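One structure is given here, and the rest of the page talks about it.
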Amino acid sequence: MIWLKSVLFVFSFCLISFTYIFGVVLLDEKLSFDILDAIQMIDVISILSLFMVSIFLRYLRWHFLMVGHGIHHNLVKGFFFYVAGFAYTASPGKIGELSRIIHYRTIGTSSDIVISCFIMERFFDLVVVLLLSSVIFITFPDLQFVAFVIMLSVGAIFSFRCKSTCE
């Protein structure tokens with residue numbers, strides 16, 4: 001059953017990708033073919049490989065967050081639950097990622113745990129973005145004030161979090 005779902009997932013991904021490319025070609029045929037001619041297959045394979053590694057690493061982070069809350073589940077089923085959360089990511093409020101609540105409910109996981117893991121995942125994303133953007137702050141001295149305000153804000157969030165947890 002899981003193999004059938006895997007095949008359907010890959011088929012759906014390919015169908016959506018080809019539909020998107022077909023739509024782009026219809027909208028701007030000349031520019032699209034110029035761009036498509038410039039792209040080499042090794043580039044496509046590299047980008048898709050990096051994307052899949054990124055998704056898998058993000059799922060591992062999610063899995064360890066769930067294990068930290070005492071939720072132990074099948075890695076393959078959990079991976080499908082995690083990837084299914086990307087279905088409506090472009091929707092307002094990123095409702096797709098919160099749809100994981102429905103999937104994890106089928107294995108008896110509380111909504112509170114899924115939501116808390118979602119919030120922690122967003123927090124880790126914020127930390128990674130801040131670390132990556134710190135390179136820009138070092139490179140452009142004019143943005144040091146912005147960096148200071150961001151670090152002050154993150155520090156305030158940590159201090160409020162620690163005060164509410166300790167009390």
Side-chain angles (χ1 to χ4, degrees), residues 1-24 44-137 146-167:
M1 186 68 169
I2 291 209
W3 294 110
L4 177 64
K5 288 183 179 180
S6 300
V7 169
L8 288 174
F9 172 75
V10 170
F11 176 75
S12 300
F13 178 76
C14 291
L15 182 66
I16 289 170
S17 299
F18 287 126
T19 304
Y20 175 75
I21 292 170
F22 181 72
V24 168
V44 172
I45 292 171
S46 299
I47 290 169
L48 287 176
S49 299
L50 287 173
F51 173 72
M52 292 307 290
V53 167
S54 168
I55 292 293
F56 182 72
L57 289 175
R58 289 184 65 179
Y59 167 67
L60 283 180
R61 178 179 65 185
W62 175 264
H63 178 73
F64 288 124
L65 285 171
M66 296 295 280
V67 168
H69 284 287
I71 305 299
H72 300 281
H73 58 276
N74 184 334
L75 280 173
V76 176
K77 186 180 276 191
F79 182 73
F80 283 115
F81 290 168
Y82 184 78
V83 172
F86 292 117
Y88 298 107
T89 300
S91 64
K94 295 185 85 153
I95 194 97
E97 295 202 36
L98 291 176
S99 71
R100 292 182 195 146
I101 295 170
I102 297 167
H103 299 296
Y104 276 98
R105 192 178 299 150
T106 63
I107 60 171
T109 304
S110 168
S111 302
D112 297 341
I113 292 174
V114 176
I115 291 173
S116 67
C117 288
F118 174 75
I119 292 170
M120 285 301 298
E121 187 182 28
R122 291 295 133 241
F123 175 75
F124 287 137
D125 287 346
L126 174 67
V127 169
V128 168
V129 168
L130 288 175
L131 288 174
L132 291 174
S133 65
S134 66
V135 173
I136 293 174
F137 296 139
V146 175
F148 175 73
V149 170
I150 290 172
M151 288 188 292
L152 187 66
S153 301
V154 171
I157 291 170
F158 276 126
S159 67
F160 291 134
R161 165 82 169 94
C162 291
K163 286 180 184 178
S164 65
T165 306
C166 294
E167 293 175 355

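Predicted model only: the values in this text are computed from it and were never measured. Numbers for residues simply follow the sequence, beginning at 1.
Taking the six-membered ring where tryptophan is involved, the planes of H73 and H63 are perpendicular, since the angle between them exceeds 60° and thus also 30°. Aromatic ring orientation, F81 versus H103: parallel (interplanar angle below 30°, classes split at 30° and 60°). Using the six-membered ring where Trp is involved, Y104 and W62 have ring planes that are tilted, between 30° and 60° apart.
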- Message: Let's go through D125 and R58 carefully: what are the C-alpha distance in whole Å and the side-chain angles of both, what is the deciding distance for side chain to side chain contact (heavy atoms under 4.5 Å, CB included) to 0.1 Å, and is it a yes or a no?
- Response: CA-CA 10 Å; D125 287 346; R58 289 184 65 179; 3.5 Å; yes

task = Verify side chain to side chain contact (heavy atoms under 4.5 Å, CB included) between T109 and R100, making sure each step is shown before the conclusion.
result = CA-CA 10 Å; T109 304; R100 292 182 195 146; over 6 Å; no

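N74 contributes atom CG, which lies 9.0 Å from atom CD1 of I107 (distance to the nearest 0.5 angstrom). Interatomic distance, CE of M66 versus CE of M120, reported as 13.5 Å (0.5 Å rounding). Note that SG of C117 and CZ of F124 are 10.0 Å apart. Values are rounded to the nearest 0.5 Å.
Summarising the geometry of Y59 relative to L75, their closest heavy-atom pair is OH-O, 3.1 Å, with the distance given to 0.1 Å.
Of the possible polar contacts, one joining the S49 side chain to the I45 backbone as a donor-acceptor pair under 3.5 Å is found. Under a 3.5 Å cut-off, the side chain of Y82 and the backbone N or O of L60 do not form any donor-acceptor pair.
The side-chain heavy atoms of H69 and D112, taken from C-beta on, include no pair separated by under 4.5 Å. The closest side-chain heavy-atom distance from F118 to L65 is not below 4.5 Å.
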